[in-house]
Amino acid sequence: MNKAKNNNKVTVALVGNPNSGKTTIFNNLTGSRQHVGNYPGVTVEKKEGYRHFEGSEFVIVDLPGTYSLTAYSLEEVVTRNFIVNDKPEMVIDILDTSNLERNLYLTVQLLELERPTILALNMIDMADASGLKVDDAKLAELLGGIPVVRTNGVDNKGMDVLLSSILKYSDTQNSANFRLNYGTDIEQAIQTLEPLLQPIYQKLQFPIRWLALKLLENDTNIIDSVKTLTNADHIISTCNELRLELIQKLGEDVEVFIAGQRYQFVGKVYQYAVDNRSVSSVTISDKIDKILTNRMFGLPIFFGLMWLVFNLVFTVGAIPSDWIDQEFGVLGQYLDTLFSDGPLKSLIVDGVVGGVGSVLVFIPSILLLFFAIAILEDTGYMARAAFIMDRVMGRFGLHGKSFIPLLLGFGCSATAMMGTRTLENPRDRIITMLVSPLMSCSAKLPVYTILIAAFFDEKIAGNVLFSIYFLGIILSLLMAKIFRSTLFEGQSEPFVMELPPYRIPTAKSVFIHMWERSVLYLKKAGTIILAASIVMWFLTTYPKDIEYSRDYDALVAQAEEAYTQQISEEVLSKLEIEKIAENENLVMLIDMIQQEEEKFAEETKELDEDNAEYIKLAEEKTAKNTVIETENKELYHYAATYVAFTQGLEEKKGNIENEKSGEQLAKSYAGQFGKAIEPGIAPLGFDWRIGISLVSGVTAKEVIVSTMGTIYSIGDGNENAHSMTKALQKDEHMNPLVAYGLMVFVLIYSPCLAALAVMRRETGTWKWPAVSMVYSTGLAWIMAFIVYQGGKLLGFGS
Ligand code: GDP
Ligand code: MG
């Protein structure tokens, strides 16, 4: 009876070289949406998904990509241990058919693990297009009768054949009868070792022949496992002797010789099973690469593209953001009317809408950023960027492979830190983890966007944004250099990276990227940001029973009294009436003028006073008033006076209200805390409100904006000023120089809690997160200091 059909659960492992399409096929099979990228090293953790097919339940596991099954890097060990220990019913070896020869090298090693295996000739479309002809039957035969299936991950072709083949072959213990002959010397050594291994090989789960080979290859991971067993000393010593003998006989390292044999075999298989006579040796990809990876132009092209991306994010992203911003304004006003004044209303309007709302506004920008990154990735450009940057990074002591984790850092520092798993050397990993937060993560984008919108001209907005990201890149290189030459002396290992062919990105893959991101962002907004907003609301609203320095209520009463008196003197007594209502014409006229004023205020809400549109509207208003005036010669003066006084009173009351909330905020828990740290950040031009926002931002970087949202909506008694841009512009502590310094600080200072936690997990100690926090905050302070004080010296910032 078929084992798979017995319990109806079939575990299927997807294995293959990086970038061969494993995740694409995984997504096709399971209907899930995992990150697919046209560059190696995207999948570092194994992922599981499920699929129901013809009465069987498949558990499909997407393993990290690997070129080989030695013990040189984590993903290789993860992959081989999974196959051996978890004993998947079926291993699917996914090959990039357009690079068949290189991909077969892994296949040979997989077959030696003696699990049932199917070959999926993926990217068959690309092989066809280039004129490569594969003889499936011949290939199967040369590899010991292994089943071969053709697939196209992007067009979702061949998936059903793949699934039925899994069902069909998963009951055979070892479907392929494959054994590579390594020549008499090695084979003899294997034969000597096998009897010794006989009693123990089952314990280690690995096939006996494979174990013998690995011991001869001096695979540290396997040697260590053998050492843990009783009776192992004899095995290890025999093995060492054999290895020495072999080195003598072969004239080179056993490991190198074995690898050579595998390459030779693969070369032969390729020669017999593949007809590549009609493949032209210079592909279009090669031609494009001549330009894009050119020594001279490569780097400028890379930065030019990045520049374009940030301009796009800023200019296009601002449009939908403005709409959302307005909707939240409307929502705030609506909630304002819905609740009566009190703590609940304040919590909802100031805390939740002010906080979470201010963060949600940035979804369009974030989506655009990921749209652009997705396009660059999927076309294959990012792999070129890695190639170009490798030359630069090497000079700064960074491993070329660090580029991918650093790139992931533009999305999220925590992801970047997990991405460092592709680095073999622990020192390279730690350096990369320490500098990856300098790649400005997407959570910081809202902070930049809001500050740029408030303080910089639209024309240079994209450049300002680009300059911040650029600064991050430069600083990460410099810091890497410093870490390399202080904490971790020594050379980093060389890096070989293949360049995937250029592809047209698929809508699906781009969509998955953006979807993934927005879900993450929304989740964050609904959890950590919401919680932080509520906490910040509490800390900024309480204690309530503070002692005010002035009696604000009395001030309001005074202003109202003065107003009544003015109206009575300047309007009522002159017209010899007691109340405005006595003169119907006057009431009508006042109404008319007020309506004009309101309309004007509404239309100019978003405009500056020196804006051409504003001036035009102001002129129109004056013209209309002149018309009203000529039609109502005797009464106009009084009506206008009345309106002006009323407006004056409203303004005065608003100001008093603002002062009161301002003082309340300053004396709140958060305010007290902010004031306490203010001396430390005053040299950077930051006041205590920025201080609170920055401290709260360590929980998650979006919280900087949500805290500012709460602070400014509480500190602003004027309920309809929900737009944070306006509130920032009105703040006399803020100006373009402070804003730029603040952006620099936010770019550099401490990673968020999530990133620190991942760093702890990945390094196994709190030491590195602590180092990271301290150095980055120190560096942020220094850089912001330079920006602010330097800027002041140069005469900016007034
Ligand atoms: P992984 O690293 O093995 O997980 O590879 P991915 O699934 O991330 O795919 C790498 C790239 O190859 C992506 O850009 C995919 O869209 C693309 N890709 C996957 N399968 C095919 C295929 O059959 N044909 C073509 N032309 N492209 C494919
Ligand atoms: Mg993958």
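Whatever order the structure lists them in is the order used to number ligands and atoms, beginning at 1.
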Backbone or side chain, does any N or O of [X] fall under 3.5 Å from an N or O of ligand 1?
| X | value |
| --- | --- |
| Asn152 | yes |
| Arg503 | yes |
| Ser20 | yes |
| Pro18 | no |

Out of all atoms in ligand 1, which are within 4.0 Å of some heavy atom of [X]? Include the element for each.
| X | result |
| --- | --- |
| Met126 | 26 (N) |
| Val154 | 16 (O), 18 (N), 20 (N), 21 (C), 22 (C), 23 (O), 25 (C), 27 (N), 28 (C) |
| Gly153 | 20 (N), 21 (C), 22 (C), 23 (O) |
| Thr23 | 1 (P), 4 (O), 7 (O) |
| Asn122 | 20 (N), 21 (C), 23 (O) |

Phe302 six-ring centre to Arg384 NZ/CZ under 6.0 Å and within 45° of normal: no

Asp219 vs Arg80, salt bridge (charged side-chain N to carboxylate O under 4.0 Å, His left out): CA-CA, chis, key distance, verdict: CA-CA 13 Å; Asp219 184 301; Arg80 74 186 193 189; 2.8 Å; yes

Contact partition for Asn19 relative to ligand 1, non-hydrogen atoms under 4.0 Å: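 Both of them.
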
Non-hydrogen atoms of Glu54 and Leu167 that approach each other most closely: OE1-CD1, 3.9 Å

Polar contact flag, side-chain donor to acceptor under 3.5 angstrom, Asn27-Lys47: no

Side-chain donor-acceptor contact under 3.5 Å, Tyr272 with Asp135: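 Asp135 and Tyr272 do not have a side-chain donor-acceptor pair below 3.5 Å.
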
Mutual orientation of the aromatic rings belonging to Phe58 and Phe53 [parallel < 30°, tilted 30-60°, perpendicular > 60°]: tilted

Stepwise ring pair (Phe, Tyr, Trp, His ring centres under 6.0 Å) check, Tyr105 with Tyr270: CA-CA 11 Å; Tyr105 184 66; Tyr270 187 79; over 10 Å; no

Close approach of Gly16 to ligand 1, heavy atoms, under 4.0 angstrom: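 For ligand 1, residue contact (heavy atoms, under 4.0 Å) with Gly16 is absent.
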
Minimum side-chain heavy-atom gap Thr97-Met126 below 4.5 Å: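 Not touching, per the 4.5 Å side-chain cut-off.
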
